[in-house]
Amino acid sequence: MQKTIITLIAFVLSILAVAFTVFSQRTQTDREQITVTPNIDPQQEQELSRERFEQENTLQEQTTLSEDDKNAQQPSQEKTSAFHITPKDCANECENFTPNSAGWRYCATRCDIIPVQAVAIECDAKSGLSRDYCLRDAAIKDNNPSGCEEIADRGIAEQCTNKIIESLVDGF
Amino acid sequence: MNKQKKYKRNPINLVAIIFFMALLFPLGAFAQSDSAKVYRFYSDSYRSHFYTNSLRERDTLIDTNPNWCYEGIAYLTPTDTDMVTPLHRFYSPTYKSHFFTISPQEKDFLIQNDGNWNYEGIAYNVSTNSSGNLPLYRFYSPVFKAHFFTISEAEKKQLITNDANWNYEGIAFYASPGPREIPETPCGRPIPVGAVGPDISVGLDTYERDDIREDPITLSATHAFNALDTDGSILGTIKKSDTAKVFYDGDSMLKLVIGDSEKLVEREIYFESLSSQDDNAIIFTISRPNSDYDEFRHSMRVRYTKSVKRIWTINTLPLELYVWGIGEITATGPKQYNKLMATAFRTYGYWKLQNSTTYAAQGFTVVATPANQIYSGYKWEQQYPRIREVAMETQGKVVTYDNEVILLPFSSWTDGKTRHYLDGHWGSKCNKDPKQKVSSVFPYLVGVDDSQGEHPSSSTCELAAGGNHMVGISANGALKRAKDDDNWDDILQHYITDSDVTTIY
């Protein structure tokens, strides 16, 4: 009788253990599903970039500058990038942007199609992205990573810091 | 005795035992037996393929029979026992060829009627179940008197489309594809390497447009390969013994020539193996104007970039294989030093992949010259195999600080101490006004003692004039420490403050 009771207890424990195993496997699968980051199709990313670019491109030059000013004046706690540039944009030489537009210039700067300018002065007299490009070039020219911290645009600021350490390590 | 009988008769006891067994062996464990690998060989002499699941037979052929070239894992045999059937193996001394069939009728017919074929028995079991498996296609060549089996759709398509020597006979049986292998040499034993990391593209040589109007870039390889455009459409297939030529044709167009066929291509031509199975096995040979190191693993590209009006030849390969071909060291010195260097090379490549935009518009990440780190490819790898050895011992490891991969500055010599980043002798200029302040941007580049890397005679400014910025790792200091049996990660910790070694793959 005692043996049967022990066996019954073991039986119940076994069921609980198996149930727990199955439950934990399911919840693990659920967790995995939740943590999967949705893949953004590069084409979709490009469309988003283009959409933002088209919106900006419909504005007059003066308006674009004031938008840039607003960007520059935004609190710099959470920096953002003016345009989302993908490796594909660089590989196709920014051909999805209208040549010489604000979007194209941003893309061409991020993709090193427009090289770092040897002369970068009076950056504070400039505004928006023009100021950021100027600050980037000045910081790189002077090997001054602190200068990159003043850049409002996230993508340009990161590129600035990366280019400084890169140029030092590569001995350019 | 009675208790024992009672125990046996109690059905609850039986169920409990089953559940206990379920606990001891986790769910699915019974189904996790290993699949057997089927190894594939090709003989150029006999124009025939051979397949075996025997590791001993594989290694004997690789080591002793130069007539046979090991091509890798052809497929896997089934793990379960449902819907399997024996595969019968024949050999013909007349045709120097093996033949395999699952058909009892075909087997009996050959045994009874064809004296050219000797029955060797059952090779192994294969699956007749199409569910969850891929078809294994069977071809016959009346020219070579040989059969060929492949699981590769690309290989099947290539033979049907481009090779009149082979007749497609249909699906022989079903199997699952095997893991990709990296041979040490073409036809050689596979290298026991696991994950090989993300692909990195390396710019090898650059040309003015006029350089290749008359004198083309040429490519050949150890395996047949495809030429593709930027959309992935196949422009042509280049056989093992053939060469592809690329000219600049004007108006931003490249001209691809394969035999008598010519095609104009915009921007870029990709060259890669017919099957992804062979990606890491194929070795390309490409014409190089200023280097004899002209052999490269994995895949190649020729690209014209409008914005700079230049053509580049580019080698794309997994990061780990890139480290094997780094020409900065020969790895003949102390092992700990070489492990540190292999980790530094990998870290450099990975950092560039994540952050560098210098060559982004030209379609690659780093150049093969000292402007980045010297990369000499497959020939260098063969010449100095210890590089691969130390790379494999540090496989997938990179240097990080605060969970970010970092670039590691190297200086050949110091004057007995390294410098904070802000006090470096950058640009060969002697910094006579040190701030002695740690950089907030590069806090891991902090000055430390380097008595072991102190130059025996030169002054600080003489060393600076020679390009010694004295920031980060002191190469001679690290070498001396390695000779003194310091571990490579301890050496790293000494020079790069609070750094970590992180395994990324």
Side-chain angles (χ1 to χ4, degrees), chain A residues 1-22 25 85-95 107-116 139 142-149 155 157-172, chain B residues 3 6-7 10 12-23 26-28 201 230 267-268 303 305-308 348 351-367 370-373 406-410 421-422 424 426-428 439-442 445 467 469 471-472:
Chain A
M1 184 61 187
Q2 197 180 356
K3 184 86 177 178
T4 308
I5 291 168
I6 292 167
T7 311
L8 271 171
I9 291 168
F11 174 64
V12 170
L13 283 174
S14 305
I15 290 175
L16 286 172
V18 170
F20 175 74
T21 309
V22 171
Q25 278 181 347
I85 306 298
T86 65
K88 198 176 172 187
D89 288 323
C90 294
N92 67 26
E93 300 176 78
C94 305
E95 69 181 12
C107 178
T109 303
R110 291 291 312 279
C111 299
D112 271 285
I113 295 169
I114 298 175
V116 174
D142 299 338
N143 178 25
N144 173 26
S146 309
C148 304
E149 292 173 352
E158 284 177 358
Q159 189 190 30
C160 177
T161 315
N162 288 337
K163 277 200 158 299
I164 289 175
I165 185 72
E166 192 176 24
S167 67
L168 294 174
V169 170
D170 289 338
F172 288 144
Chain B
K3 277 184 182 174
K6 200 173 176 183
Y7 184 80
N10 191 339
I12 295 175
N13 287 330
L14 188 63
V15 176
I17 287 167
I18 292 168
F19 274 98
F20 269 123
M21 292 296 284
L23 283 177
L27 293 171
S201 291
T230 46
R267 183 174 281 151
E268 199 160 33
R303 177 183 167 97
T305 303
K306 281 184 197 171
S307 55
V308 291
Y348 182 92
W351 187 94
K352 290 274 184 178
L353 268 175
Q354 287 196 316
N355 300 298
S356 183
T357 53
T358 305
Y359 304 107
Q362 296 178 70
F364 56 92
T365 308
V366 289
V367 287
N372 290 157
Q373 50 191 12
I406 54 173
L407 268 189
L408 302 173
F410 272 81
Y421 166 78
L422 293 170
W426 301 111
S428 302
S439 162
S440 60
V441 183
F442 304 120
L445 298 177
H469 48 66
V471 174

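Just the heavy atoms: all of them, side chains too, but no hydrogens, waters or symmetry mates, feed the values below. Small disclaimer: the values here were computed from a predicted structure and weren't measured. Each chain gets a letter, A, B and so on, in the order its sequence line appears, and its residues count up from 1.
No donor-acceptor contact under 3.5 angstrom links the side chains of Glu93(A) and Thr305(B), judged on distance only. For the residue pair Asn143(A) and Tyr421(B), a side-chain donor N or O sits within less than 3.5 Å of a side-chain acceptor on the partner.
Looking only at distances, no side-chain donor or acceptor of Asn162(A) sits under 3.5 Å from a matching main-chain atom of Ser356(B). The main-chain N or O of Thr357(B) is never found under 3.5 Å from a side-chain atom of Gln159(A) such that the two would form a donor-acceptor pair.
Of the atoms belonging to Glu158(A), not a single heavy atom falls under 4.5 Å from chain B. Within the 4.5 angstrom heavy-atom criterion, only backbone atoms of Leu408(B) (N, CA, C, O) approach chain A. In this structure, chain B has heavy atoms under 4.5 Å from both the backbone and the side chain of Pro145(A). Contact of Phe442(B) with chain A is made through the side chain alone, with heavy-atom distances under 4.5 Å. Heavy atoms of Tyr348(B) lying under 4.5 Å from chain A belong exclusively to its side chain.
Counting heavy-atom pairs closer than 4.5 Å to chain A, the top residue among His469(B), Gln373(B), Lys306(B) is Lys306(B).
Sulfur atoms SG of Cys90(A) and Cys107(A) are positioned 2.5 Å or more apart.
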